[in-house]
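Quick caveat, the model's predicted, so the values are computed rather than measured. So you know, we letter chains A, B, ... as the sequences are listed, proteins then strands, and number each from 1.
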Amino acid sequence: MSPAAIRVLRLHPWRVSPHRAAAIQEALAGHLRLRDGPRRLRLVAGADAAYDQAAPLVHAAVVVLAYPDLTLVEQRAASLPVTFPYIPGLLAFREGPALLRAFEALTVSPDLLFFNGHGIAHPRGLGLASHLGILLRTPAIGCALQPLLGSFQEPPPQAGAFTWVRSGRHVLGAALRSRTAVRPIFVSPGYRLSVRRAVRLTLTLCRGFRLPEPLRWAHQAANRQRALHAAAR
DNA sequence: GCGACAG
DNA sequence: ATCTTGTCGC
């Protein structure tokens, strides 16, 4: 990441206006590094957030699984006040702070990150997975349940089938049938990965459910964090 | 100008 | 995402 981009984040970490947030995304968008990918896959992380709208708080959780056995290696969570509204395209500014706080508590370094959102298949080419992948300097993949940008055709019904998600003449991601006869998930690379590799890796981590294991674990962990936090007050 | 719009 | 009961289907 360039000094200029870092300065932007230092000056306006996460407490920014939606307008400023868009400017920050544009500054960071030039720092994506695709086509690399993890040299060796040993630790895979999944991160997700849950909300307590009564507080209101955003509860984030990150789980690290060993590959390929997928056993739990480490799990961390963090809760922060909600300081940014939900605006399609600016999700990172709402969930990012809490997610990063959870990542900061990790004692191990994951080789690959999975986020519950999009990567480069985003209006400014910088979805949640790209944004956090850059900040954490780690290969990242975005997996969303709904499309945000681009057009695609319905993939065949068999698990493993997929069709490309295109915007303009570029392929930004894929509509992946992670499970037979179930609605596809939308996969796009976030950081340091090609579209093809992102789809391949996501399929590798799917174990019979719609979402890859890291995200299923993270989703449950985030909800547990919310429950624990609510019970302690 | 009008609709669409991750979680 | 979250608020919510029962309910259809593998």
Exercise. Side chain of A:Q53: nearest nucleotide among C:dC3, B:dG7, B:dC5?
Worked result: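 Given the options C:dC3, B:dG7, B:dC5, the side chain of A:Q53 is closest to C:dC3.
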Exercise. Considering only side-chain heavy atoms of A:L91, which listed nucleotide, C:dA1, B:dG7, B:dC5, is closest?
Worked result: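 Nucleotide nearest to A:L91's side chain: B:dG7.
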[atom1] of [X] versus [atom2] of [N]: gap in Å, rounded?
| X | N | atom1 | atom2 | answer |
| --- | --- | --- | --- | --- |
| A:R94 | C:dA1 | CZ | C1' | 7 Å |
| A:D48 | B:dA6 | CG | C1' | 12 Å |
| A:Q25 | B:dC5 | CD | C1' | 14 Å |
| A:I185 | B:dA6 | CD1 | P | 16 Å |
| A:Y51 | B:dA6 | OH | P | 12 Å |
| A:L57 | C:dA1 | CG | P | 18 Å |
| A:R210 | C:dC10 | CZ | C1' | 17 Å |
| A:E95 | B:dA6 | CD | P | 12 Å |

For this session: Report yes if a side-chain nitrogen or oxygen of A:R226 is closer than 4.0 Å to either non-bridging phosphate oxygen (OP1 or OP2) of C:dT2; otherwise report no.
Result: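 Yes, within the criterion.
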Mind checking if [X] touches a base, just sugar-phosphate, or nothing, with heavy atoms under 4.0 Å?
| X | result |
| --- | --- |
| A:L128 | base |
| A:P147 | sugar-phosphate |
| A:A49 | nothing |
| A:R179 | nothing |
| A:L90 | base |
| A:G142 | nothing |

For this session: Report yes or no: do A:S188 and A:H118 form a side-chain donor-acceptor pair below 3.5 Å?
Result: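 A:H118 and A:S188 do not have a side-chain donor-acceptor pair below 3.5 Å.
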Exercise. Does one side chain, of A:E95 or A:Y86, offer a donor that lies under 3.5 Å from an acceptor on the other?
Worked result: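 No, no side-chain donor-acceptor contact under 3.5 Å.
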Problem set entry | Face-to-face stacking of A:Y86 with B:dG7, centres under 5.5 angstrom, angle under 30° |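 Per 5.5 Å and 30° rule: yes, stacked.
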Problem set entry | Passing option when A:N116 is tested against A:D48, A:L128, A:L99 for side-chain contact (heavy atoms from CB on, under 4.5 Å) |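 The option that passes is A:D48.
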Problem set entry | Minimum-distance pair of heavy atoms, taken over all atoms of A:D36 and A:R197 |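 Scanning both residues completely, I find the closest heavy atoms to be O-NE, 4.4 Å.
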Exercise. Looking at A:F209, does the NZ or CZ of A:R216 lie under 6.0 angstrom from its six-membered ring centre and within 45 degrees of the ring axis?
Worked result: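 Cation-pi check for A:R216 and A:F209: passes.
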